[in-house]
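Structure first, commentary second.
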Amino acid sequence: AEAASLVDGSEDVGVFAFTEGTGRGCRILGLGVSMGGKTFYVTEPEAMDAVASTLSGRPISGHDAKETELALRSLGGGKRDWAFSTFLAAYLLGAGSRDPRLEDLAREFLAMELVSTEQLLGTGRAARKPSAVGENEAAEFAARRAEAILNLRPRLEAEMRNLGVDYLFHEIELPLAGVLADMESEGVAIDVSYLKEMQEELAGQLAAIETEVEEVAGQKFNLNAPQQLAKVLFEDLRLPVGKRTKTGYSTDADTLEALREKHPIIGLILEHRQLSKLKSTYVDALPQLVDPMSGRVHTSFGQASTATGRLASSNPNLMNIPIRTELGQRIRRAFKAGRPDHVMVSADYAQIELRIAAHLSGDPMLLDAFKAGQDIHTATAAAVFKVPIEQVDPSQRRLAKIANFGSIYGQGEYGLSQQLGITGDVAREFLGQYWSTYSKLREFLDDLRRKAREEGLVVSATGRRRAIPDLRSPNFQLRSAAERMAINFPMQSLAADIIKIAMVRLQREIEADQIEGRMLLQVHDELLFEVPRAELDQFAEKVPRIMTGAYELETGIEVEMKVGPNWADMKKLAVVRA
DNA sequence: ATTTGCCGCCAC
DNA sequence: AAACGTGGCGGCAAAT
Ligand SMILES: Nc1nc2c(ncn2[C@H]2C[C@H](O)[C@@H](COP(=O)(O)OP(=O)(O)OP(=O)(O)O)O2)c(=O)[nH]1
Ligand SMILES: [Mn+2]
Ligand SMILES: [Mn+2]
């Protein structure tokens, strides 16, 4: 009660949660709170609860809003609105800076030296856990941070208005933080016993391949060690050397594929590569990341982890769950509707960055194609592989997708020929045709490049910024790389904002409707939901309506809706256009 | 025994 | 001649 009385009043409140661990699993050790002239630090559970519940009604300011929100939610007391986040403001202002640190902001904008987290906890042998930090030291640490947050707010707000990122901040990033906290808390169900079975199966297959390789090679070595593998292949077996890496001979999949006919060991190695990659990264790792409390896996979404405004996902990364191969699909099948009588619903934007490229460039050929309802990826596949549109298979469309984006974003003849397994001549022919067909797109990208070079910076349609210093580098290689980043930015970045807008609106509507279905994951241009069967119709209407309505593109926007018992076996529900 | 750089590869 | 972009992560080998 006494602690709660400390936060009465209506001014802005700066909050810093001192925690052990991160995200929803963190343990909150203390709470630094700053408001008006006073700053305090509480550690008693009752006092923290009291402060948290007093704060739950009012907008507060913090550094990483999503992380602080999760810490406060762990105390109970429900959700709250956020007034400000120094982390998100700095991300937008820093034009692509990643995971901005409070101590850097305090130094730059307040000329204030904060004790860094590294200084507080030490490194290497001297490292200690947050819980091992003395209470006085922790209090000082958290209180200073809460103060810094409060004092940074007006400075960063002014700066955001100057640079025109205030719309992004207030309408997208700040409300999105709460949405991401919700999604992380929901988690997603995986079938652990199914994955454990697969673990056994793969272990057996890998062992069998290893035995065979030993026979064929006449020696035992670690197949997972590229260095050892290179020695066996290129020295002992004297296979022709292909690509080189910084440190020796390359043994990547393309290099090996070219040697497939030269020696029976190659096929075995490629098979081993695929199995061991999928086993170690997914089959072994995912069951270990199931939260025993919820029985689900909870990713962490990085809200300031990319240069373009995309989200990132880690611990585990659920944005790179396999889909391409048979085995990959079996892994994806483990992601299932975990609640009784629920189904998975997915919604993916169709050809999203191509639409954006058409919209931004005004290219008449692309615009007309979209207006006619064409699928450009499929059309490209038909052209490249010389098959009728109806006979394009998923793997061909996938390659054509890479060819389309590769071409737009600066891929050369050589790269394209490698990607598609075609000759350099055919690749040159393709690119020539591509750029003469989409000549206005080419002009747009040329202009973009020119302008980027002049300004050292690119700005998206929503005002998102990316600084690329190497645009002015005298080094041709660095400058060229910078130009390709600049050319990619407007499309990737607007796509990221469109789905973010949709997520904020969707979560508001789901909450307002008081329905049970939940948004679980975002995968760049896809949203995954877990929905009671009884709400399927409702979601099949709501989700594409909001996703297609999030932004106006001249091409229109299409969303492909799917439903199924798991993330692999989904059947098409509808394609919705707006 | 933990960090770091590198290689290689999964996804969008 | 090369020169699609955005990420995260596992394993190895060399660094303390
Ligand atoms: N530069 C680049 N961008 C990619 C690549 N793959 C995917 N993207 C970007 C552009 C895509 O529009 C966006 C979403 O990926 P999707 O796999 O959903 O493809 P897209 O929406 O284009 O086609 P779709 O109709 O959904 O199959 O991610 C790639 O290989 N290179
Ligand atoms: Mn898509
Ligand atoms: Mn997608």
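Just so we're on the same page: letters track the sequence lines, and every chain starts at 1. Quick caveat, the model's predicted, so the values are computed rather than measured.
- One atom, OH of A:Tyr434, and another, P of C:dC4, lie 15 Å apart when rounded to the nearest Å.
- If you take CD of A:Gln418 and C1' of C:dA3, they are 13 Å apart, rounded to a whole angstrom.
- In this structure C:dG5 sits in a base pair with B:dC12, meeting the Watson-Crick or G-U test at under 3.5 Å.
- As rounded to whole Å, 13 Å separates atom P of C:dC4 from atom CG of A:Asp254.
- Nucleotide B:dC9 holds its C1' atom 16 Å from the CD1 atom of A:Ile269, rounded to whole Å.
- Closest to the side chain of A:Asp252, from the set C:dT6, B:dG8, B:dC10, is B:dG8.
- The partner of B:dA1, taking Watson-Crick or G-U wobble pairs whose two distances both stay under 3.5 Å, does not exist in any strand shown.
- Classified by interplanar angle (parallel below 30°, tilted 30° to 60°, perpendicular above 60°), the ring pair A:Tyr434/A:Phe430 is tilted.
- Residues passing the ring pair (Phe, Tyr, Trp, His ring centres under 6.0 Å) test with A:Tyr349, sequence neighbours excluded: none.
- Atom CG in A:Leu286 sits about 15 Å away from atom P in B:dC10, given to the nearest Å.
- Judged purely by atom type and a 3.5 angstrom limit, A:Ser314 has no side-chain atom pairing as donor or acceptor with the backbone of A:Asn317.
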I'd like to compare against my own output: the B/S/- annotation of nucleotides 8-16 of chain C with a strict under-4.0 Å heavy-atom distance to protein.
BSSSSS---
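- At C:dG5, one or more side-chain N or O atoms of A:Arg484 fall inside 4.0 Å of OP1 or OP2 (strictly under the cut-off).
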